[in-house]
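Convention: sequence-line order gives letters A, B, ...; per-chain numbering from 1. Only this structure's heavy atoms are used, side chains among them; waters, hydrogens and symmetry mates stay out.
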2 protein chains.
Amino acid sequence: MKINKQSLEEQAADYLRQQILAGAFVSGDKLTESTLAKDLELSRTTVRMALNTLASEGLVSQKPYAGWSVTTLSGHDIWEIYHLRVALESQAAMMAAETINDEKAKRLRDELAAFQAICKRKDVSLAEVTLCDFKLHKLIIELSESDRLARMYKSVINQLSIYIRITHFDFDIESSADTHIDLINAICAGEPEKARRLAIENISTFTEMGQKLKIEQDHTSDFAAS
Amino acid sequence: MKINKQSLEEQAADYLRQQILAGAFVSGDKLTESTLAKDLELSRTTVRMALNTLASEGLVSQKPYAGWSVTTLSGHDIWEIYHLRVALESQAAMMAAETINDEKAKRLRDELAAFQAICKRKDVSLAEVTLCDFKLHKLIIELSESDRLARMYKSVINQLSIYIRITHFDFDIESSADTHIDLINAICAGEPEKARRLAIENISTFTEMGQKLKIEQDHTSDFAAS
DNA sequence: TGGTCGGCATTGTCCGACAATAGGCACTCG
DNA sequence: CGAGTGCCTATTGTCGGACAATGCCGACCA
């Protein structure tokens with residue numbers, strides 16, 4: 001038996017977030033309260049509150065009396081988001097290194113090992129590699145043991161994925177996991193400053209490539225889910 | 001003539017935020033929708049949305065069907081907030097250093113000079129010093145030119161001031177401004193890495209003292225206002 | 001003592017209504 | 001032809017009331 005403890009508003013927010021991240025609504029699309037209310041079979045009030053939630057996460061924007069729309073990001077917005085990601089992820093790497101213990105280290109190494117195993121397969125798809133990469137970064141955030149940081153990070157990543165539907169591309173898949181080895185080692189060794197530096201480097205190369213190519217990504221809901 | 005373009009919800013949120021930061025409601029106080037609605041002469045719906053906004057900022061918490069209350073922060077929460085402040089403020093210092101120009105440098109130096117002037121006065125109050133200190137930090141954030149970062153920073157600071165009603169205490173007021181000199185110089189000189197390091201040091205000493213003493217602070221509304 | 005059962009306060013959700021506003025269209029006037 | 005003007009429509013902003021769902025607390029009972 002499974003009972004649903006989430007409020008309707010929460011469910012609506014989750015659903016809409018997922019739809020946006022999955023690309024069912026794309027940047028600039030207009031969302032009207034009454035239409036959504038009919039589609040979701042909810043009252044306008046509830047839908048409205050869900051939209052408010054998404055707005056606070058930066059996924060949708062509203063113009064007074066004009067309507068809601070999926071956020072459109074300018075170049076400057078992307079710049080902001082990139083720098084925020086650097087700030088949060090490097091901080092998380094530091095904190096993870098500071099609070100490292102055997103159990104955490106094991107989780108990190110296991111995740112990295114899985115990542116490497118995936119990369120070695122010949123028939124591996126980009127999607128799978130991407131998923132592993134995401135999971136690893138997400139794990140580092142989790143190991144920082146800061147819910148607030150995790151929340152902010154998720155918001156940043158979600159905003160980013162409205163704009164870019166990529167993470168990895170046609171560069172060497174095999175070495176994809178390996179670029180994380182040093183970072184994971186630094187964290188496990190309890191070297192905060194080194195971990196911080198490597199985390200920044202890792203994101204930098206990632207983003208640099210992101211500027212060149214944009215590819216559809218088919219599992220954007222990963223971050224929004226939890 | 002001055003017309004009010006803000007929605008009622010926004011005004012309610014601003015008002016409540018100010019009340020919380022000013023100490024009219026303290027940590028743990030219960031807020032009931034219908035009571036607030038009567039007090040503010042608004043509908044429950046509107047109040048509810050305002051509370052939702054504050055919740056997304058971390059100022060109030062809600063337990064389903066039980067009620068809203070001003071957030072109570074645990075030791076771990078404070079730890080999270082401290083680390084977030086470090087991450088955001090050091091990043092802002094870096095970004096300010098990276099994008100420094102004559103006009104920005106002038107603003108920084110002017111603010112610092114004002115700070116120093118205040119500290120030199122014999123009859124200066126702690127409140128005034130605190131205000132200057134806040135303004136300087138706020139300026140650095142602003143100079144990073146990232147609205148998202150500013151928003152997150154404000155949220156972090158607001159949460160912090162629910163718990164701690166202090167910024168400065170009975171340590172040497174005269175040298176208070178001077179501890180910022182190196183940081184400002186690094187930013188103006190366009191040295192991101194140095195600026196980052198000094199920003200972290202600055203916050204660390206600040207927080208360290210914050211753990212010892214807690215003093216009422218009488219201008220908490222500064223950050224929430226803008 | 002410990003568990004159960006109501007009652008009360010408060011939130012969660014809905015509906016319907018109406019005012020306020022933005023955005024687009026047609027119209028006028030030069 | 002172009003610019004400004006005024007109207008119409010779609011949509012949001014706000015409201016009040018209503019009722020169900022739930023958490024809390026105290027009373028009662030074994």
Side-chain angles (χ1 to χ4, degrees), chain A residues 1-20 24-72 74, chain B residues 1-20 24-72 74:
Chain A
M1 168 173 177
K2 202 171 183 178
I3 29 180
N4 202 340
K5 268 282 194 176
Q6 279 189 319
S7 70
L8 297 182
E9 177 208 325
E10 222 171 324
Q11 292 179 54
D14 287 348
Y15 174 77
L16 290 174
R17 185 172 25 237
Q18 182 212 333
Q19 290 292 300
I20 291 174
F25 301 119
V26 297
S27 189
D29 275 6
K30 197 170 174 184
L31 304 175
T32 62
E33 297 175 1
S34 43
T35 308
L36 287 175
K38 262 180 196 156
D39 289 353
L40 304 182
E41 293 180 312
L42 294 171
S43 80
R44 196 159 73 88
T45 315
T46 307
V47 171
R48 191 180 173 71
M49 304 197 90
L51 285 172
N52 252 311
T53 301
L54 295 198
S56 79
E57 295 174 11
L59 289 182
V60 304
S61 330
Q62 80 179 136
K63 272 204 216 170
Y65 292 104
W68 304 79
S69 58
V70 179
T71 302
T72 299
S74 66
Chain B
M1 167 174 179
K2 202 170 183 180
I3 30 180
N4 200 341
K5 268 284 193 177
Q6 280 189 318
S7 69
L8 297 182
E9 177 208 324
E10 224 170 324
Q11 292 178 54
D14 288 347
Y15 174 77
L16 289 175
R17 184 172 25 238
Q18 182 212 332
Q19 289 293 301
I20 291 174
F25 301 118
V26 298
S27 190
D29 274 7
K30 198 170 174 184
L31 303 174
T32 62
E33 298 175 0
S34 43
T35 308
L36 288 175
K38 262 180 196 155
D39 289 352
L40 304 182
E41 293 180 314
L42 294 172
S43 80
R44 195 158 72 92
T45 315
T46 307
V47 171
R48 191 179 173 72
M49 304 196 91
L51 285 172
N52 252 310
T53 301
L54 295 199
S56 80
E57 295 174 11
L59 290 181
V60 303
S61 329
Q62 81 179 137
K63 273 204 216 169
Y65 293 103
W68 303 81
S69 59
V70 179
T71 302
T72 299
S74 66

Could you run down the sub-3.5 Å N/O contacts of the protein with nucleotides 23-26 of chain C?
none

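The CD atom of A:Glu9 sits 7.0 Å away from the CZ atom of B:Arg48 when rounded to the nearest 0.5 Å.
Residue B:Gln62 places at least one side-chain N or O under 4.0 Å from the OP1 or OP2 atom of C:dG12.
Using modelled atom types, one finds a donor on one side chain and an acceptor on the other under 3.5 Å when comparing A:Thr46 with A:Ser43.
Here the closest heavy-atom approach between residue B:Trp68 and residue B:Asn52 is recorded as CH2-N, 3.9 Å. A pairwise comparison of heavy atoms in A:Leu42 and A:Ala12 identifies CD1-CB, 3.8 Å as the closest pair. Contact detail for B:Asp29 and B:Ala24: the closest heavy-atom pair is OD2-O, 4.4 Å. Of all heavy-atom pairs between A:Ala13 and A:Leu54, the closest is O-CD2, 3.8 Å. Nearest approach of A:Leu31 to A:Leu51, heavy atoms of both residues: CD1-CD2, 4.1 Å.
Rounded to whole angstrom, the span from the CD atom of B:Gln6 across to the P atom of D:dG13 amounts to 14 Å. Between the P atom of D:dC15 and the CD atom of B:Gln11 lies a distance of 10 Å, rounded to the nearest Å. What separates CD of B:Glu9 from P of D:dT12 is a distance of 14 Å, to the nearest Å. Between the OH atom of B:Tyr65 and the P atom of D:dT22 there is a distance of 5 Å, given to the nearest Å. D:dT12 atom C1' lies 9 Å from atom CH2 of A:Trp68, rounded to whole Å. Counting to the nearest Å, the P atom of D:dG13 and the NZ atom of B:Lys5 are 12 Å from each other. As a whole-Å value, the separation of B:Lys30 NZ from D:dG23 P is 13 Å.
In this structure, B:Gln6 and B:Asp14 have side chains that are in contact, with non-hydrogen atoms separated by less than 4.5 Å. With contacts defined as side-chain heavy-atom distances shorter than 4.5 Å, the pair A:Ile20/A:Val60 qualifies.
With D:dG13, D:dG23, D:dT11 as the candidates, the nucleotide lying closest to the side chain of A:Thr32 is D:dT11.
Contact check of residues 38-61 of chain A against DNA chain D (heavy atom, cut-off under 4.0 Å) returns A:Arg44, A:Arg48.
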